[in-house]
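Starting off with a structure, shown below.
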Amino acid sequence: MFSGLASPKWTKSLHRRLVLATAAAMIILLSSLLNMGAGLEDVWKDGRDAIQERSATGDVVVVEIDAASMAAFKRWPWPRSLYGRLLDRLAEAHPAMVAFDIDFSAPSTHAEDMAFARAIDAFPGTVLLPTFRQAAGNLTDDFVESLPIEPLRQSAFLASVNVHPDADGIMRDYSYGTRTAGVPRPSMAALLAGTTGKIEQGFHIDQSIDPATIPRISFASIVDGSADLSHLAGKRLFVGATAIELGDRYAVPRNGVLPGVVIQAQAAETLLLGRAFPDLGRSPATMIALAAVFGAAFLKRRRNRLILLAGTIMALHVALLASEMMGVATFQVIPATLGLAAAFAIIVLIGLNETIFDKERTDAASGLRNGVALTEELVPDGQYRIVAINFRDFAEITAMLSGRERESLWAQLIERLKIGSGAGEIFVYRGDNYVWALPADDPMDELGEQLEGLGAVVANPMTVGAHAIRLKPHFGISQGAGSDGADLLARAIGAASKPSSERIWTLDDIELARGVRERHALIGEFPAALGDDQFWVAYQPQLHLAKGQIASAEALVRWRHPTRGELSPGLFIPIFEEEGLIQSLTLRVFEMVIADLARWRKEGKTLRVAVNVSGTLLTNEMFNRALHSRLDQAADVLHALTLEVTETATLTDPERAIAALEAYRAYGLEISIDDYGTGQSTLSYLRSFPASEIKIDQSFVKHVATSKNDQLLVRSTIGLAHELGFVVVAEGIEDAECLAAISEMGCDIVQGWHIGKPVPAAEFESEYLTSAGEAATHSDRLTA
Ligand code: C2E
Ligand code: MG
Ligand code: MG
């Protein structure tokens with residue numbers, strides 16, 4: 001159909017959506033790279049932990065050195081025998097393990113140390129003692145491992161209790177073990193839980209495990225025998241400081257500040273509950289988000305794009321929650337979420353914009369697109385027509401209808417127009433002007449016929465409520481390249497409002513209008529131009545091949561227009577001929593040529609000049625008389641004048657034309673038939689004219705060197721013309737090859753740009769008339 005209207009709107013094209021998807025992908029990658037929204041990530045992680053909060057197994061029991069214990073034993077550090085007493089008491093309860101989160105790397109007194117060592121040795125279960133990794137000194141990066149003193153580690157297992165808060169000071173991770181100076185050491189929690197993992201490999205302490213559900217029992221209450229130890233059988237005990245004054249406390253994500261021993265117990269519970277799952281980082285969500293934005297680009301409907309993006313966000317979060325609940329893995333979702341949300345916002349904003357854009361281009365009443373949309377879609381300089389429809393007495397007809405009936409009328413009308421217009425789309429301009437565009441290269445008469453048919457269809461009565469409405473349509477058509485859509489639209493509507501009785505359509509052709517304007521301007525300016533001597537004569541040399549000389553010239557009129565510059569006769573001669581202005585112009589040309597000829601003659605330069613005379617003038621008595629009177633006064637140049645007439649000019653009234661030409665011959669003028677070959681007459685017919693010369697039209701001459709057809713035609717014309725006694729002139733010699741071909745065919749005289757262009761009299765004189773000798777040299781140069 002009509003390509004200008006079928007082209008997709010860029011705002012809705014796949015290409016556009018892919019560009020936007022790429023932009024969104026950049027946002028996603030950037031936010032992932034910069035770990036944007038890390039704070040939000042933490043908050044959401046806490047939220048998820050809160051949602052799935054769980055209790056500890058109860059297998060790990062913290063034996064806390066609490067405020068009460070500190071109060072009971074008064075001094076700190078405690079004598080080591082106290083820990084021995086603890087073990088002795090616990091032995092009766094049969095716990096599986098007792099782990100100490102207390103530094104025993106420095107000796108106290110020998111008696112105290114040995115008392116504790118003996119108790120460890122006597123304890124029936126496993127005793128775990130801590131090792132610490134610490135910097136070897138201020139000036140070194142090396143680490144050393146501080147072990148419990150020799151006597152204590154005899155019967156105990158050793159485990160590291162190093163913990164590493166994150167950069168923000170919050171403790172999130174725990175490791176399966178550490179390696180210090182090449183010695184691997186399991187972590188206390190790993191050993192306590194009986195789990196093995198890779199040394200130096202970390203896991204997140206599961207903050208969904210509520211630390212308050214880890215059972216605690218006061219150190220002092222065990223030693224003083226007040227505690228009930230019956231439930232400790234098989235349990236894993238973790239002895240450590242919880243008293244605030246001992247300072248072993250760390251900030252954790254969800255639960256504020258916790259004692260180190262509780263955190264380690266929570267780490268052990270994490271392992272016991274199988275919740276030390278891997279952290280996949282930001283990549284999985286980032287990849288999924290990227291896939292989603294590019295996937296969305298391939299969805300045509302905006303709504304579906306939004307659903308996909310929002311759905312992806314939801315799915316990511318649900319998947320994360322589910323995966324954490326099942327203890328499979330965790331990953332970060334906030335950067336991807338932010339990126340997806342940005343993409344979502346972009347689409348919504350653009351959608352809003354497009355809605356406004358579409359609103360501005362839609363007719364509210366009919367829902368059809370309006371004139372703004374139409375003019376925007378018409379490519380400048382595109383080849384199209386605009387057709388508009390208008391109805392006579394429209395206001396009167398619709399005045400008697402209700403709002404609803406009017407709508408029904410529009411709907412029926414639009415339906416008929418859609419079917420009958422042959423256009424892809426009907427547009428509405430200012431409420432009640434229906435317009436459409438069609439390609440301009442379809443023949444005008446076909447369009448006329450089509451509009452006749454459509455007019456009949458539209459004029460068929462339409463039933464609206466109780467009324468039968470008969471519309472009287474008239475179409476306006478506008479066309480013309482180079483004008484913008486708005487101009488075309490206005491012209492079509494203007495034309496539609498000018499009903500004519502002859503036809504159902506009115507054409508507003510911009511080129512035609514432009515031509516008419518120009519025509520009127522030229523006609524109006526003519527008298528002044530004649531008075532101001534704006535017309536002048538250019539002479540184009542003609543080379544006589546036998547003589548090798550420029551022996552004649554054609555006089556060609558020029559208009560030196562004050563504002564438009566040099567105008568060619570092709571522009572104004574036809575207009576002047578039709579408007580009857582050619583007469584005075586031709587007489588003026590004769591006057592100028594006669595004056596030039598007389599001057600050259602005085603200077604001893606002989607030359608023949610051909611003057612063009614429009615055919616209409618030959619039968620114009622007034623003109624003939626006026627020219628005769630000028631010829632009467634130019635007796636000495638009459639034999640140097642040729643009168644050029646076109647063959648078509650002689651056909652309308654041959655008798656009178658021939659009589660007029662005879663009269664000019666009687667004056668001594670030669671007659672030449674111009675543009676021979678473009679008309680219908682044969683050479684033998686032209687024989688009855690008093691002409692002595694024929695000028696073969698340039699259209700046959702131009703390609704004579706290359707076209708076999710033209711060669712045949714020109715050669716036979718020259719031959720026949722010669723037989724009939726004509727001198728033969730060839731016009732339009734543009735190059736040496738053409739000149740050579742024409743010369744070889746025996747042509748008498750040649751004229752064309754290759755010989756010389758039309759030039760002012762003075763230039764012609766100095767260039768071609770200095771002496772006969774130079775003219776000969778000139779021709780030698782040409783024929784060489
Ligand atoms: P024409 O009488 O056939 O004049 C020949 C035209 O061909 C001239 O155009 C000339 O400039 C052009 N021409 C010459 N050599 C070549 C060439 O090698 N190649 C091409 N392509 N063209 C060449 P111009 O001057 O524009 O005149 C156009 C027409 O206007 C003339 O055709 C003639 O019919 C008319 N005309 C010119 N002067 C007058 C005049 O004073 N009175 C009247 N009634 N008509 C005139
Ligand atoms: Mg001519
Ligand atoms: Mg000609």
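Throughout, numbering of the chain's residues begins at 1 and tracks the sequence. We count ligands from 1, going down the list as the structure has it; atoms in each ligand are counted the same way. Any value given below was found using the heavy atoms of this structure, including those in side chains, with hydrogens, waters and symmetry copies removed.
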Please check if any side-chain donor atom of Glu360 sits under 3.5 Å from a side-chain acceptor atom of Asn370, or the reverse.
-> no
Which of the ligand 1 atoms, numbered from 1, are nearer than 4.0 Å to a heavy atom of Gly752 =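 Listed by number with element, the hits are 15 (N), 18 (O).
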Please examine the side chains of Leu669 and Leu638, heavy atoms only from C-beta on, and report whether any two atoms are closer than 4.5 Å.
-> yes
Tell me, which N, O or S atom in Asp674 is closest to the Mg ion (ligand 2)?
->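 Closest to the Mg ion (ligand 2) among those atoms: OD2.
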Starting from atom 32 (O) of ligand 1, which protein heavy atom do you reach first, and at what distance in Å?
-> Asp674 OD2, 4.7 Å
Under 4.0 Å from atom 9 (O) of ligand 1, do we find at least one protein heavy atom?
-> no
Which protein heavy atom lies closest to atom 46 (C) of ligand 1, and at what distance to 0.1 Å?
-> Asn612 CB, 3.7 Å
At under 4.0 Å between heavy atoms, which part of Gln540 makes contact with ligand 1: side chain, backbone, both or neither?
-> side chain
Counting from 1, what ligand 1 atoms have a heavy atom of Gly732 closer than 4.0 Å?
->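 The atoms of ligand 1 under 4.0 Å from a heavy atom of Gly732 are 17 (C), 18 (O).
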Which one holds for Ser614 and ligand 1: side chain close, backbone close, both close, or neither close, with close meaning a heavy atom under 4.0 Å?
->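 Both parts.
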Where the Mg ion (ligand 3) is the vertex, angle from Asp675 OD1 to Glu731 OE2 to 10° =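 Taking the Mg ion (ligand 3) as the apex, I get 110° for this pair.
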Identify the closest protein heavy atom to atom 11 (O) of ligand 1: which residue and atom is it, and at what distance?
->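 Going atom by atom, the protein heavy atom closest to atom 11 (O) of ligand 1 ends up being Pro758 CG, 3.5 Å.
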Would you call Arg385-Asp442 a salt bridge at under 4.0 Å N-O?
->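 Looking at Asp442 together with Arg385, the answer is no, because their closest N to O distance does not fall below 4.0 Å.
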Carefully, step by step, assess Glu525 and His561 under the rule side-chain hydrogen bond (donor to acceptor under 3.5 Å, both in side chains).
-> CA-CA 9 Å; Glu525 286 161 351; His561 193 279; 2.7 Å; yes
Find out whether Arg558 and Pro758 are in side-chain contact, i.e. whether some heavy atom of one side chain is under 4.5 Å from a heavy atom of the other.
->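 Yes; the side chains approach each other to less than 4.5 Å.
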Looking only at protein heavy atoms, identify the closest one to atom 31 (C) of ligand 1 and say how far it is in Å.
-> Leu556 CD2, 4.3 Å
With a cut-off of 4.0 Å, which atoms of ligand 1 are near a heavy atom of Glu644?
-> 2 (O)
Does the protein place any heavy atom closer than 4.0 Å to atom 13 (N) of ligand 1?
->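 Under 4.0 Å from atom 13 (N) of ligand 1, at least one protein heavy atom found.
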Between Trp600 and Tyr539, what is the ring plane arrangement, given parallel below 30°, perpendicular above 60°, and tilted in between?
->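 Ring orientation, 0 to 90° scale: perpendicular.
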Using a 4.0 Å heavy-atom threshold (strictly under), name the region of Ile733 that reaches ligand 1: side chain, backbone, both or neither.
->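 It is the backbone that gets close, since no side chain atom is under 4.0 Å.
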Distance to 0.1 Å, residue and atom name: give those for the protein heavy atom nearest to atom 5 (C) of ligand 1.
->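 Looking only at protein heavy atoms, the one closest to atom 5 (C) of ligand 1 is Glu731 OE1, 3.3 Å.
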Tell me which one of Glu554, Glu734, Gln751 gets a heavy atom nearest to atom 19 (N) of ligand 1.
->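 Result: the heavy atom closest to atom 19 (N) of ligand 1 is in Glu734.
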Vertex the Mg ion (ligand 2), arms to Glu554 OE2 and Asn612 OD1, rounded to 10° |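 About 90°, to the nearest ten degrees.
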Considering only the protein, which heavy-atom contact is closest to atom 18 (O) of ligand 1, and what is its distance?
-> Trp753 N, 2.7 Å
Return yes if some donor-acceptor pair links the side-chain N/O of Asp532 with the main-chain N/O of Gln534 below 3.5 Å, else return no.
->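 Here the side-chain-to-backbone pair does not exist.
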Side chain, backbone, both or neither: which part of Asp675 has a heavy atom under 4.0 Å from ligand 1?
->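 It is the side chain that gets close, since no backbone atom is under 4.0 Å.
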Over-ring placement of Arg687 relative to Phe726, 6.0 Å and 45° cut-offs | yes
Is there a donor-acceptor pair closer than 3.5 Å between any side-chain N or O of Arg656 and the backbone N or O of Thr619?
->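 Side chain of Arg656 to backbone of Thr619: a pair is present.
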Can you find a side-chain donor-acceptor pair between Tyr667 and Asp632 that sits under 3.5 Å?
->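 Side chains of Tyr667 and Asp632: pair found under 3.5 Å.
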Would you kindly specify which portion of Gln698 sits under 4.0 Å from ligand 1, judged on non-hydrogen atoms: side chain, backbone, both or neither?
-> side chain
Between the side chain of Gln450 and the main-chain N/O of Ser421, is any donor-acceptor distance below 3.5 Å?
-> yes
Establish, from distance only, whether the side-chain atoms of Ser614 and Glu577 form a donor-acceptor pair under 3.5 Å.
-> yes
Among non-hydrogen protein atoms, atom 24 (P) of ligand 1 lies closest to Pro569 CG, 3.6 Å
Residues Arg564, Glu518; criterion salt bridge (charged side-chain N to carboxylate O under 4.0 Å, His left out); working and verdict | CA-CA 11 Å; Arg564 300 174 60 186; Glu518 180 163 281; 2.9 Å; yes
How about Asp697: does one of its N, O or S atoms come closer than 2.8 Å to the Mg ion (ligand 3)?
->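 No N, O or S atom of Asp697 is closer than 2.8 Å to the Mg ion (ligand 3), so no.
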Looking only at protein heavy atoms, which one is nearest to atom 39 (C) of ligand 1, and how far off is it?
->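 For atom 39 (C) of ligand 1, the nearest protein heavy atom is Val557 CG1, 3.7 Å.
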Are Glu670 and Thr642 linked by a side-chain donor-acceptor pair shorter than 3.5 Å?
-> no
Give the atoms of ligand 1, by number and element, whose distance to some non-hydrogen atom of Lys702 is under 4.0 Å.
-> 21 (N)
Classify the contact between Arg558 and ligand 1 as side chain, backbone, both or neither, using a heavy-atom distance cut-off of under 4.0 Å.
->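 Only the side chain of Arg558 comes within reach of ligand 1.
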Polar side chain donor-acceptor pair, Thr606 to Arg601, under 3.5 angstrom = no
Closest to the Mg ion (ligand 2), which N/O/S atom of Glu644 is it?
->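 Atom name returned: OE1.
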